[in-house]
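Structure first, then comments.
Naming: A, B, ... by sequence-line order, numbering from 1 per chain.
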Protein chains: 2
Amino acid sequence: MQEKEISQAVIRRMPRYYRYLGELLEDGVERISSNDLSKRMNVTASQIRQDLNNFGGFGQQGYGYNVKFLYEEIGKILGLNQKHNIIVIGAGNLGQALANYVKFEKLGFVITALFDVNPALEGVTVRGIKIHMLDELEDYCKDHVVDIAALTMPKEKADAIANRLVNLGIQAIWNFAHVDLDLIDKDVVVENVHLSDSLMQLSYNIVKNKQNK
Amino acid sequence: MQEKEISQAVIRRMPRYYRYLGELLEDGVERISSNDLSKRMNVTASQIRQDLNNFGGFGQQGYGYNVKFLYEEIGKILGLNQKHNIIVIGAGNLGQALANYVKFEKLGFVITALFDVNPALEGVTVRGIKIHMLDELEDYCKDHVVDIAALTMPKEKADAIANRLVNLGIQAIWNFAHVDLDLIDKDVVVENVHLSDSLMQLSYNIVKNKQNK
DNA sequence: TAGATTGTTAATCGATTAACAATC
DNA sequence: TAGATTGTTAATCGATTAACAATC
């Protein structure tokens, strides 16, 4: 059990810290103070220190934070020190785009298989990753370790397939379908990527921006 | 000028209301109370009423909200009553996936062109949408109305191209590159979709979930 | 040691929830 | 009219910022 629940607001900021620290590391920066980092990231130094202290004291008074150490610690917090196998359900454009995206592997996320219902895609490979027929899903999941399922199929099918995956013991779903999944097991971790929602937010801000001029 | 600034927390929830109201509309539901909606959406009725009243009184005491009316009003708030032309910079897998995604058009977002540096893609079309070479960007933007530019190129190139777009008068950027853009004009609206960040959040919650067991 | 900067407590601010009068 | 439900004010809760003692 976690000592105290850490808010999602904090969690949402962690990958961003990780990204900035990665850049600093690449630039050969050895240490950084919360103040310097706050200027780069456009947040308050106070928030950085509060956020990090949710997980432990990673800094040193009078010195600041060691970039490499902090980078690695945040990596551990985010679970990047372990490999995650991902299967992608829906081998359409988005599914294939995910499979082609190499950067995920650097973070320990490996796409191991794609699934689709379209017979034309049977046996086709994307960057060496095989597209299976959806009815092979059960067999595949029994024979392979699968940590995450990415759902890129139409929203009408999402609930049914998601619950099929839950029954197969999947623990996490990365949901690109434009619905809020209704799962039989509430313990399954779900992360939504709703592109249309994102576009609507953008659109709202465009309208607002025009009004302000 | 807007009366009072509406928080991004509220804005983030609006597309979700829109989605649920759309579903109700499809199901032929005529009216709904904040209480019934709150149960479906797993939020408090109070929050729904507060959120909506940022924009106006759309309901009626003793009756609730008219689904069709509210759906359309939220659509207007989100700017979905006007057409938005999108160009996509980077015609790789993700760029092509966006171009292929038909649902955006129902919301008024039309992808009109793709751009890439790869000569092999010159003249290729995706769902009838032409891929242009990147050096045609200036000419294209002068001859066509472009409301939004979606950036799907590698992060190293993102800042340079984003600022090229800003100089061409683009007002909004939908950024899929894994960086925070550093723009010369801070008035440009930016909406980030950081897929790696999303994956890291998912990964954090997987780790947490395991610990809690 | 003196200076710098953290970790942490306290103060402030904002967002969410509760309550209820207004009113359909 | 009586019942239902909004719009809105007040209360609570949580997140952010400020301040500063601890300490490297």
Side-chain angles (χ1 to χ4, degrees), chain A residues 2-17 20-21 24 29-74 77 201 204-205 208, chain B residues 2-17 20-21 24 29-74 77 201 204-205 208:
Chain A
Q2 198 98 12
E3 299 280 313
K4 56 173 174 189
E5 196 68 18
I6 290 161
S7 78
Q8 285 298 314
V10 174
I11 307 307
R12 258 200 304 278
R13 288 192 290 266
M14 297 309 286
R16 191 156 177 263
Y17 292 136
Y20 274 82
L21 287 161
L24 287 167
V29 178
E30 225 172 68
R31 66 188 182 97
I32 192 153
S33 68
S34 56
N35 199 252
D36 286 353
L37 188 57
S38 79
K39 279 175 199 149
R40 280 176 179 259
M41 295 187 63
N42 245 318
V43 295
T44 63
S46 212
Q47 181 163 77
I48 293 176
R49 295 204 299 277
Q50 287 276 23
D51 282 354
L52 296 178
N53 276 91
N54 280 298
F55 302 100
F58 301 125
Q60 202 165 65
Q61 282 97 331
Y63 173 88
Y65 299 88
N66 178 287
V67 172
K68 186 156 183 290
F69 175 72
L70 186 56
Y71 177 76
E72 283 165 2
E73 287 301 313
I74 295 179
I77 290 165
Q201 263 177 257
Y204 170 84
N205 283 311
K208 190 186 71 174
Chain B
Q2 198 99 11
E3 298 280 314
K4 55 174 171 187
E5 196 68 16
I6 291 161
S7 78
Q8 285 298 313
V10 174
I11 307 307
R12 258 199 305 277
R13 288 192 291 266
M14 297 308 287
R16 189 155 178 264
Y17 293 136
Y20 274 81
L21 287 161
L24 287 167
V29 178
E30 227 171 67
R31 66 188 180 98
I32 192 153
S33 68
S34 56
N35 199 253
D36 286 352
L37 188 57
S38 78
K39 279 176 198 148
R40 280 175 179 260
M41 294 187 66
N42 245 316
V43 296
T44 64
S46 213
Q47 181 164 76
I48 294 176
R49 294 204 300 277
Q50 286 277 21
D51 282 353
L52 296 178
N53 276 93
N54 280 299
F55 302 99
F58 301 126
Q60 201 164 66
Q61 283 98 330
Y63 172 87
Y65 299 88
N66 179 286
V67 173
K68 186 158 184 288
F69 176 72
L70 186 56
Y71 177 76
E72 283 166 2
E73 287 301 312
I74 295 178
I77 290 165
Q201 263 177 257
Y204 170 86
N205 282 313
K208 191 186 70 175

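What you find for A:Phe58 and A:Leu52 is that their closest heavy atoms are CE1-O, 3.8 Å. Counting all heavy atoms, side chain and backbone alike, A:Tyr65 lies closest to A:Arg49 at OH-CG, 3.7 Å. Nearest approach of B:Ser38 to B:Ala45, heavy atoms of both residues: CB-N, 3.4 Å. The heavy-atom pair separating B:Asp51 from B:Phe55 by the smallest distance is O-CD1, 3.6 Å. Contact between A:Arg40 and A:Leu24 at its shortest, heavy atoms only, is CZ-CD2, 3.4 Å. Of all heavy-atom pairs spanning B:Tyr63 and B:Glu30, the tightest one is OH-O, 4.4 Å.
Between A:Ile48 atom CD1 and C:dT6 atom P the separation is 9 Å, expressed in whole Å. One can place CZ of B:Arg31 at 16 Å from P of C:dC24, the figure rounded to the nearest angstrom. The nearest whole Å value for the distance from the CZ atom in A:Arg12 to the P atom in D:dT16 is 9 Å. Rounded to an integer number of Å, the gap from CD1 of A:Ile11 to P of D:dA15 is 11 Å. One can place CG of A:Asn53 at 19 Å from P of D:dC20, the figure rounded to the nearest angstrom. Regarding A:Gln50, its CD atom lies at a distance of 16 Å from the P atom of D:dG14, rounded to whole Å. We find that CG of B:Asn35 is positioned 14 Å from P of C:dT17, with the value rounded to whole Å. B:Asp51 places its CG atom 14 Å from the P atom of D:dT6, with the value rounded to the nearest Å.
For B:Arg13 (side chain) and B:Gln47 (main-chain N/O), no donor-acceptor pair under 3.5 Å exists by modelled atom type.
Residues from residues 61-68 of chain B that place a heavy atom under 4.0 Å from any atom of DNA chain C, listed by number: B:Gln61, B:Gly62.
The listed nucleotides are D:dT5, D:dT17, C:dT6; the one nearest the side chain of B:Ser33 is D:dT5. Distances were taken from every side-chain heavy atom of A:Arg13 (C-beta onward) to each of D:dT6, D:dT16, C:dT8; the shortest belongs to D:dT16.
In this structure, B:Gln50 and B:Thr44 have side chains that are not in contact, with every pair of non-hydrogen atoms separated by 4.5 Å or more.
Contact annotation: B:Thr44 side-chain N/O to C:dT17 OP1/OP2 distance is under 4.0 Å. A:Arg49 has a side-chain polar atom (N or O) that falls below the 4.0 Å cut-off from OP1 or OP2 of C:dT6.
Just one residue in the list A:Val67, A:Val43, A:Ile32 forms a side chain to side chain contact (heavy atoms under 4.5 Å, CB included) with A:Leu37, and that residue is A:Ile32.
Heavy-atom nearest nucleotides on DNA chain D were determined for B:Asp36 and for A:Ser7, and the one closer to the 5' end corresponds to B:Asp36.
B:Ser46 comes within 4.0 angstrom of a base, heavy atoms only.
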Quick one: the dot-bracket string of DNA chain D, using Watson-Crick and G-U wobble pairs with both distances under 3.5 Å, [ ] for crossing pairs and | for bases paired to another strand.
..||||||||||||||||||||||
